[in-house]
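One structure is given below, represented as structure tokens, and several questions about it will come after.
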Amino acid sequence: MKPSIPRGTRDFGPAEMQKRQFILNIIRKNFELFGYQAIETPAMENISTLTGKYGEEGDQLIFKILNSRIHENKNKDLLKKEFDLSLESSRNSEELTEKALRYDLTVPFARFVVMNQHQLSFPFKRYQIQPVWRADRPQKGRYREFYQCDADVIGSDSLVNELELISLMDKCFSELNVQITLKVNNRKILAGMAEVVGAADRMMDIAVAIDKIDKIGPNGVHKELSDKGFTLEQIQLLFSAFFIQTTDFKDFEPLANIKEKLNYLKEESKYKGSLVFQKGIEELEYIMYNSNVSHLKFELDISLARGLNYYTGTIFEVKANAGTFTPSILGGGRYDDLTGIFGLPNMSGVGISFGVDRIYDVMEELNLFPENISKTASCKLLFSHFDLETQNHSLALAAQLRTNNISCEVYPDITKKLGKQFDYANKKNIPFVCTVGSNEITSGEYSVKNMQSGEQEKMTLSLLLERLKKGQ
RNA sequence: GUAGGUAUAGCUCAGUUGGUUAGAGCACCAGAUUGUGGUUCUGGGGGUCGUGGGUUCGAGCCCCAUUACUUACCCCA
């Protein structure tokens, strides 16, 4: 049988793991630096926990788990009926499936908060670094299993949380050495537009269409909106707001300029009468004017929508500035009532999610990993030997090195061929090889070879320890 | 769901208008060198050309089907 893994999933070898850990360590360190605490939730959730939170498209991409022991279910007629029904529509049948793999970390977090509300003290700040699964068609930068690194604050509607999250990502990407642009928008602006246009319940339709303006252009958006049944008047009204963005807001601009645009939207646009719209603008203003960032570029983009249903306020999206491959590598936003569905209303939360796998891909393309990262040796020294006696002696020496916190290993097989053992050390980038033969055992002086310089020297164990401790 | 591309050694790929026994580099094993790797030289093992059918005197190459992988759209980290 030919071994294989499901498409869209990957194995990570030692070289890749070095790089992944590099990214994860920076993110984790900063999460903790900003006061977030780690939690974990199960890979699978009850299907009802997940559905209805991500929008129609998202719900389709949830990996469902077939009920186990389905053959033991006595009601075969019902099972067959449910199966036939599920062939025709995407509805979930509890008879067939009641669990699913998590689609993101935010919804399981909301569930966690509701279930543990009496143990937690609010505002609660948590971080979570775990894989999620999406039944997508894989392609470049898109996997069916990938890691998200989430930081969320729940139980506080202060915009200071947004400011903190922005400086958190600023710091992370600065340490990762990735040049990025942060796009910010506010769902209230979109909601206000939908309201003024007279289609408050169709905010997501409008948002998704408008979001595409960079890709398909104004005509494309016009067509998509009219296909969805919006009238010419409605479309023109919508365009009056975001057209400003497409012509003038395209690239990073000085703060003064952004200010001018925001003032226009607030005081002169056709939306100035909408309270929600005004609130959205005010929130955006606060964030734009109070953020203290040193690394990232800001971009106000009122066409930014994001597909997830649960966002209600600020929304974030980050892309790398350089390279040909620039998917979004971070997303996030504020959700005012995600816990409400589970019975805990008035819990506003805001969070961001780093896409490690895409950050990896971007850094790989741009060559941003530190130079020697995958050449890092697994350990400091290898003991080579000739027979059972010298191997045993090596094991004893290894134990002493480890007592002194020096990583080392003993060649596991017994062979007269030193070349093979040196080759092993060479391939694993082990910087020193200590050869233990019967001569060495009697004299107490071991041959230690520096694999980089090729120099070899005889020394006692205590001298060896001293040298290795000094990092020589 | 829609539309393309690819499939030849463990890996990356050549393979001419269809024509003897299908090649290279890397990797692997052995020797030159029985106590020394990374350099060099010599030799060696490795392939049902994704699978099934068709055209042909003859198919790795052409046609059809199928599977896997991959890219783009949709959507998203």
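For the numbers below, each heavy atom of this structure counts, side chains included, while hydrogens, waters and symmetry mates do not. In what follows, every chain begins at residue 1, and chains take the letters A, B, ... in the order their sequences are listed.
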Mate of B:U48 where both pairing distances stay under 3.5 Å, Watson-Crick or G-U: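 Paired with no nucleotide.
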Under 6.0 Å between the ring centres of A:Phe354 and A:Tyr147?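 No; A:Tyr147 has its ring centre 6.0 Å or more from that of A:Phe354.
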Please write out the pairs of protein N or O atoms and N or O atoms of nucleotides 25-36 of chain B separated by less than 3.5 Å, giving the distance to one decimal.
unit_1	atom_1	unit_2	atom_2	d
B:C28	OP1	A:Lys427	NZ	2.7
B:G35	O6	A:Asn439	ND2	3.1
B:G35	N1	A:Glu440	OE1	3.2
B:G35	N1	A:Glu440	OE2	3.0
B:G35	N2	A:Glu440	OE2	2.8
B:U36	O2	A:Lys449	NZ	3.2
B:U36	O2	A:Gln456	OE1	3.3
B:U36	N3	A:Gln456	OE1	2.7
B:U36	N3	A:Gln456	NE2	3.2
B:U36	O4	A:Gln456	NE2	2.4

For atom CG of A:Asp59 and atom P of B:C75, their distance in whole Å: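 Distance check: A:Asp59 CG to B:C75 P gives 16 Å.
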Rounded to the Å, how far apart are A:Ile5 CD1 and B:A68 P?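 To the nearest whole Å, that distance equals 15 Å.
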Do A:Phe383 and A:Tyr411 have their ring centres less than 6.0 Å from each other?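 Here the rings of A:Tyr411 and A:Phe383 have centres that are no less than 6.0 Å from each other.
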Name the one of A:Asp336, A:Thr339, A:Asp157 that satisfies side-chain hydrogen bond (donor to acceptor under 3.5 Å, both in side chains) with A:Ser348?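 When side-chain hydrogen bond (donor to acceptor under 3.5 Å, both in side chains) is applied between A:Ser348 and each of A:Asp336, A:Thr339, A:Asp157, only A:Asp336 qualifies.
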Among residues 317-333 of chain A, which ones have heavy-atom contacts with RNA chain B below 4.0 Å?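 Here the set is A:Ser328, A:Ile329, A:Leu330, A:Gly331.
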Euclidean distance, atom CZ of residue A:Arg144 to atom P of B:A68 [Å, nearest integer]: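 One finds 11 Å between P of B:A68 and CZ of A:Arg144, rounded.
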A:Phe31 ring center within less than 6.0 Å of A:Tyr127 ring center: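 Ring-ring flag for A:Tyr127/A:Phe31: true, centres closer than 6.0 Å.
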Among A:Lys427, A:Lys420, A:Lys428, which residue meets the side-chain hydrogen bond (donor to acceptor under 3.5 Å, both in side chains) test with A:Tyr424?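 Only one option passes, and that is A:Lys428.
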Toward the 5' end of RNA chain B, which comes first, A:Lys140 or A:Arg137, by nearest nucleotide?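 Its nearest nucleotide lies further toward 5', so the answer is A:Arg137.
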With distance as the sole criterion, do the side chain of A:Asn426 and the base of B:G38 form a donor-acceptor contact below 3.5 Å?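 Donor-acceptor pair under 3.5 Å: no.
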Any side-chain N or O of A:Gln139 below 4.0 angstrom from OP1/OP2 of B:U71?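 Answer is no, no contact under 4.0 Å.
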Please tell me which of A:Gln452 and A:Pro138 maps to the more 5' nucleotide of RNA chain B, matching each residue to the nucleotide holding its nearest heavy atom.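 First, find each residue's nearest nucleotide; the 5'-ward one identifies A:Gln452.
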Go ahead and name the base partner of B:G5; Watson-Crick or wobble counts if both distances stay under 3.5 Å, otherwise write none.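 Its partner is B:C69.
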